[in-house]
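Proteins get letters first, then strands, A, B, ... in listed order; numbering begins at 1 in each.
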There are 2 protein chains.
Amino acid sequence: IFRAISSVAIDKDQAAVAIMDVPDQPGIAGKITQALAKRNIGIDMIVQSFHPSIDHNSIAFTVSSDALDETVLVLEELKAQLGARSVQVDADCAKVSLIGAGLVEQPDIPARMFTTLGENSINIKMISTSEMKLSCVVSRDNAEKAARLIHEAFELHLLENKSAAT
Amino acid sequence: IFRAISSVAIDKDQAAVAIMDVPDQPGIAGKITQALAKRNIGIDMIVQSFHPSIDHNSIAFTVSSDALDETVLVLEELKAQLGARSVQVDADCAKVSLIGAGLVEQPDIPARMFTTLGENSINIKMISTSEMKLSCVVSRDNAEKAARLIHEAFELHLLENKSAAT
Ligand SMILES: C[C@@H](O)[C@H](N)C(=O)O
Ligand SMILES: C[C@@H](O)[C@H](N)C(=O)O
């Protein structure tokens, strides 16, 4: 199981912003990301869940803290144009990621990562995963502790020592 | 810009399931993923947006179509245990992914991908991104068309011919 995992990364300087209840129709996601791209705003995570029974949806982004004000400006403009309900912000964010390969093939990998944080009272604000990276957003105060706990939970120090010795 | 991108992948055999309005407290994500891992259910994408002003949140997963029924069973059990509002399902899903490197450093990459789909009336049901992979969930009927359009929008055929010629 641990072969699949190579490291833990943290980015302590993030903010999360979401535009809530935009029309769930073709073209909306493009419009929103174009507006951010036009202002050269660097987006890190983009997260959108699904809502089959209703006709609106919400799109969340993480950006670096210094891009927050401008991002909010852009999304507020879009909110007016698109008739969205609101723009919400969480300025206290850090991204903690487990990096490796084939991470999705073993369901106990995300389970172990999330359980580790939960058992240590660290709340997970956002989640975005792919086979090479499992990312959680937590509060900035919890970031280093989260990274250390995950590192220990997956015994990454043993892997590092092993490869150092060979 | 196109250097960053290497290919487009599709997985036409997915279903999306989400457990709605679980308590937004430490331990919940772990509990949910543990329950799925225990039944050896292979999870592909895990997506959770953020809701700073309320005390509940929702977690969405994509699984292969043949795992849908069991996934719903597990989540329905959890819904009862956790006091969640509902379990929602969209059985008509396919994942279309743009694969490369440094994808998040250029905000016009996701913008181009989403705009391409939008201009062709393809609705984006879910989004999950990382620097190596931008994934969208669309309907199964739209999957191959979406992949082809993205391939063209990023002129990937030119890259392929170029590397074939060298
Ligand atoms: C909400 C947004 O993603 C919309 N479904 C779109 O395709 O653009
Ligand atoms: C909703 C769920 O992710 C919760 N915030 C947790 O940390 O487990």
Side-chain angles (χ1 to χ4, degrees), chain A residues 16 18 24-34 36-37 40-53 58-60 88-90 93 97 104-108 110-137, chain B residues 16 18 24-34 36-37 40-53 58-60 88-90 93 97 104-108 110-137:
Chain A
D24 196 352
Q25 294 162 19
I28 301 295
K31 218 172 193 148
I32 295 169
T33 44
Q34 285 283 17
L36 295 166
N40 234 333
I41 294 173
I43 304 166
D44 187 55
M45 277 162 66
I46 305 171
V47 165
Q48 176 188 304
S49 191
F50 75 108
H51 295 284
S53 52
S58 301
I59 309 184
Q88 69 184 17
V89 176
D90 187 340
C93 289
S97 305
V104 295
E105 277 128 49
Q106 307 183 46
D108 33 340
R112 180 184 292 239
M113 180 181 183
F114 302 155
T115 301
T116 298
L117 298 185
E119 284 171 346
N120 289 276
S121 306
I122 294 173
N123 198 45
I124 299 167
K125 299 185 186 215
M126 287 171 81
I127 299 171
S128 178
T129 67
S130 69
E131 70 215 298
M132 298 178 89
K133 200 175 204 184
L134 307 181
S135 291
C136 283
V137 173
Chain B
D24 195 353
Q25 294 165 20
I28 300 296
K31 217 170 194 150
I32 295 168
T33 45
Q34 283 282 18
L36 294 168
N40 234 332
I41 293 171
I43 303 167
D44 187 54
M45 276 162 68
I46 304 171
V47 166
Q48 176 187 304
S49 191
F50 75 108
H51 296 283
S53 52
S58 302
I59 309 185
Q88 69 185 16
V89 176
D90 186 340
C93 289
S97 303
V104 293
E105 277 130 47
Q106 305 184 46
D108 33 341
R112 180 186 292 238
M113 180 181 184
F114 303 155
T115 300
T116 299
L117 298 185
E119 284 171 346
N120 290 276
S121 305
I122 293 173
N123 198 46
I124 299 168
K125 300 184 186 215
M126 288 172 80
I127 299 170
S128 177
T129 68
S130 69
E131 70 213 297
M132 297 178 89
K133 200 176 205 184
L134 306 181
S135 291
C136 283
V137 174

Answer with side chain, backbone, both or neither: which region of B:I41 has an atom nearer than 4.5 Å to a non-hydrogen atom of chain A? backbone

Please identify each residue that fulfils salt bridge (Lys or Arg N to Asp or Glu O under 4.0 Å) with A:D90, with sequence neighbours left out. A:K125

Examine whether an atom of A:S135 lies under 4.5 Å from a heavy atom of chain B, and if so say whether it belongs to the side chain, the backbone or both; otherwise answer neither. neither

Chain B heavy atoms under 4.5 Å from A:I122: which part of the residue, side chain, backbone, both or neither? backbone

Contact winner vs chain B - A:M113, A:Q88, A:M132, heavy-atom pairs under 4.5 Å: A:Q88

Contacting region of B:E105 [heavy-atom separation from chain A under 4.5 Å]: neither

Where on B:E119 is there a heavy atom nearer than 4.5 Å to chain A: the side chain, the backbone, both, or neither? neither

Quick one: of A:S49, A:S58, A:A60, who has the most non-hydrogen atom pairs under 4.5 Å with chain B? A:S49

Given a strict heavy-atom distance threshold of 4.5 Å, which part of B:S128 is in contact with chain A: side chain, backbone, both, or neither? both

Max heavy-atom pairs within cutoff under 4.5 Å with chain B, candidates A:I59, A:I46, A:D24, goes to A:I46

If you tally heavy-atom pairs under 4.5 Å against chain B, which of A:V89, A:L134, A:T116 wins? A:V89

Closest non-hydrogen atoms of A:A18 and B:F50, given as atom of the first, atom of the second and distance, are CB-CE2, 3.5 Å

Greatest number of heavy atom pairs closer than 4.5 Å to chain B - which of A:I127, A:V104, A:T33: A:I127

Residue part contacting chain A, namely of B:V137, when any heavy atom lies under 4.5 Å: neither

What are the two closest heavy atoms between A:P110 and A:P107, and how far apart are they? CD-O, 3.4 Å

Main-chain N/O of A:A29 paired with A:Q48 side-chain donor or acceptor, under 3.5 Å: no

Reported CG-to-OG distance for the pair A:D44 and A:S97, which is rounded to 0.5 angstrom: 8.0 Å

At their closest point, which heavy atom of B:C136 faces which heavy atom of B:F114, and how far apart are they? SG-CE2, 3.5 Å

Between B:I28, B:T115, B:N40, B:N120, the one whose heavy-atom pairs under 4.5 Å with chain A are most numerous: B:T115

pair B:E131-A:K133: side-chain heavy atoms closer than 4.5 Å: yes

Quick check on the interface: out of A:S130, A:A111, A:G118, who has the most heavy-atom pairs with chain B under 4.5 Å? A:A111

